[in-house]
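Inspection log for the structure reproduced underneath, given as structure tokens.
Throughout, residue positions are numbered sequentially from 1 according to the sequence presented.
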Amino acid sequence: SFLAVAAGMGSSLLLRYLIIRVQESFANQESPELASASKVVREWGIRIPKLTVASHRDVGFTGGIILSAGQPRVVIPAEWLELPVRQLAVLIARRALALHKGAFWTGQAVAFSWNLGGFVLCSLLPQAGLTTVAELVATICWFTLWSFAGLLVLPTLSRWASLKMDRELLAVGVSSQDVVSASTALDERQDNQPERPASIEAIFHPIPGVNRRIRNLPRGNLSAWNVARSTLFLSWGCLGLLSRAVHCNVGRPELWAMPPSE
């Protein structure tokens, strides 16, 4: 049964890859804007992963990083091609560094482990189990509470990774002005909250507010890129009930398989 849950999470990753391939905008793969931004990224000395431009309708769609049969792909929303070249370059560079520095892989490993370990634990709680329908329903309910606990804990790890990627960008010569400019452009397409109360951000927001960036050093060594929302997405494979019911994607189908990220 636990192998089935692990297989379910793996199937979720495969399904997301297939969805992105359907959304792939072949007309934009060799766009001059993408070529210009890629040139800037290479000037910073950053190796560019395979890029995929995805068409979309929701302005909050951010793409992300997906696993494929070969090397991982960085998914770029088609609308981002309208951004100034240096902003687009920063956003591509951030994801490239998340791959090359291991933050992406750490995030995926933590997300997978949190869900699988949580499902095993929840199946052992009162009234829960996997042998009857009633026990399975109880396990799913317990796991939903486990997922909610993740919403309180894991955003901190995601923010640490964001801040660390800021430092990595500065280390290769990206200016702080470019980093803030790209973060502002991304925030305007998502929450549009450049400043938030620290207590609210600590619990509900895995991406730091724009006004907290650069000046804040990471407070932890664990850099788990996008772990909070990756955990939510993978919870589909555990029959969790929260994957489509959080503030970043509720009622927005294009963001269910790929919640907003940096």
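Considering only heavy atoms from C-beta on, Leu154 comes within 4.5 Å of Leu157 through its side chain. By the 4.5 Å heavy-atom criterion applied to side chains, Val53 and Ser31 are not counted as neighbours. Counting heavy atoms from C-beta on, the side chains of Leu91 and Thr62 never come closer than 4.5 Å. Under the 4.5 Å side-chain criterion, counting only non-hydrogen atoms from C-beta, Ser158 is not in contact with Ile207. Side-chain contact between Gln108 and Asn226 is absent, with no heavy-atom pair separated by less than 4.5 Å. Side-chain contact check for Val85 versus Leu88: every heavy-atom pair is 4.5 Å or farther apart.
Residues Leu67 and Ile20 are members of separate hydrophobic clusters, defined by side-chain heavy-atom contacts under 4.5 angstrom among Ile, Leu, Val, Met, Phe, Trp and Tyr. Under the 4.5 Å side-chain contact rule for hydrophobic residues, Leu51 and Met258 do not share a cluster. Criterion: ILVMFWY side-chain heavy atoms under 4.5 Å apart, direct or through other members. Under it, Val172 and Val179 are part of a common hydrophobic cluster. Both Val74 and Trp105 sit in one connected hydrophobic cluster of ILVMFWY residues. Membership requires side-chain heavy atoms under 4.5 Å apart, directly or through other members. By the rule that hydrophobic residues join a cluster once side-chain heavy atoms approach within less than 4.5 Å of another member, Tyr17 and Leu232 end up as members of separate clusters.
How far CZ of Arg159 is from OG of Ser223: 13.5 Å, rounded to the nearest 0.5 Å. For the atom pair Leu152 CG and Ser147 OG, the distance stands at 11.0 Å (nearest 0.5 Å). Considering CZ of Arg94 and CG of Leu99, their distance stands at 13.5 Å, rounded to 0.5 Å. Between atom CG of residue Leu97 and atom CZ of residue Arg47 there is a gap of 10.5 Å, rounded to the nearest 0.5 Å.
Residue pairs meeting the side chain to side chain donor-acceptor pair (under 3.5 Å) criterion with at least one partner in residues 130-146, sequence neighbours excluded, are Thr131-Glu135. Among residue pairs with one or both ends in residues 20-45, those qualifying as salt bridge (charged side-chain N to carboxylate O under 4.0 Å, His left out) are Arg21-Glu24, Glu24-Arg73; sequence neighbours excluded. Among residues at least two apart or in separate chains, salt bridge (charged side-chain N to carboxylate O under 4.0 Å, His left out) pairs with a member in residues 99-119 are Lys101-Glu168.
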Under 3.5 Å, side-chain donor or acceptor atoms of residues 236-249 against the rest of the protein: list the pairs with distances, not counting sequence neighbours.
| unit_1 | atom_1 | unit_2 | atom_2 | d |
| --- | --- | --- | --- | --- |
| Trp236 | NE1 | Ser243 | OG | 2.6 |
| Asn249 | ND2 | Ser243 | O | 2.9 |

Side-chain donor-acceptor pairs of residues 4-16 under 3.5 Å, sequence neighbours excluded:
| unit_1 | atom_1 | unit_2 | atom_2 | d |
| --- | --- | --- | --- | --- |
| Ser11 | OG | Ala7 | O | 2.9 |
| Ser12 | OG | Gly8 | O | 3.0 |
| Arg16 | NH1 | Ala257 | O | 3.3 |

Pair up each side-chain donor or acceptor in residues 75-84 with any protein partner under 3.5 Å, not counting sequence neighbours, and list the distances.
| unit_1 | atom_1 | unit_2 | atom_2 | d |
| --- | --- | --- | --- | --- |
| Glu79 | OE1 | Arg189 | NE | 3.2 |

Which pairs of donor and acceptor atoms, one on a side chain in residues 114-125, lie under 3.5 Å apart (sequence neighbours left out)?
| unit_1 | atom_1 | unit_2 | atom_2 | d |
| --- | --- | --- | --- | --- |
| Asn115 | ND2 | Thr231 | O | 3.0 |
| Ser123 | OG | Val120 | O | 2.7 |

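Residues forming a side-chain hydrogen bond (donor to acceptor under 3.5 Å, both in side chains) with Gln190 (at least two apart in sequence, or on another chain): none. In terms of the side-chain hydrogen bond (donor to acceptor under 3.5 Å, both in side chains) criterion, Ser183 has no residue partners (sequence neighbours excluded). By the ring pair (Phe, Tyr, Trp, His ring centres under 6.0 Å) test, Phe61 pairs with His56, sequence neighbours left out. Partners of Asp178 according to the side-chain hydrogen bond (donor to acceptor under 3.5 Å, both in side chains) rule, which considers only residues two or more places apart in sequence or in another chain, are Arg86, Ser175. Listed by chain and number, the residues in a side-chain hydrogen bond (donor to acceptor under 3.5 Å, both in side chains) with Arg229 amount to none (sequence neighbours excluded).
A donor-acceptor pair under 3.5 Å is formed between the side chain of Glu254 and the backbone N or O of Arg57. Looking only at distances, no side-chain donor or acceptor of Ser181 sits under 3.5 Å from a matching main-chain atom of Gln177. Put simply, the side chain of Ser230 never gets that close to the backbone of Val227: no donor and acceptor are under 3.5 Å apart.
Shown here for Ala138 and Ala128, the closest heavy-atom pair between the two residues is CB-CA, 3.9 Å. Here the closest non-hydrogen pair linking Ala98 and Ile65 is CB-CD1, 4.4 Å. The minimum heavy-atom distance between Leu234 and Ala111, with the atom names listed, is CD1-CB, 4.0 Å.
Heavy-atom neighbours of Gln29 CD from other residues, nucleotides or ligands within 6.0 Å: above the threshold of 12.
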side-chain contact (heavy atoms from CB on, under 4.5 Å) between Leu163 and Asp166, worked out: CA-CA 5 Å; Leu163 294 172; Asp166 285 346; 4.1 Å; yes
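Side-chain atoms of Glu262 and Ser162 form a donor-acceptor pair, as typed in the model, at a separation below 3.5 Å.
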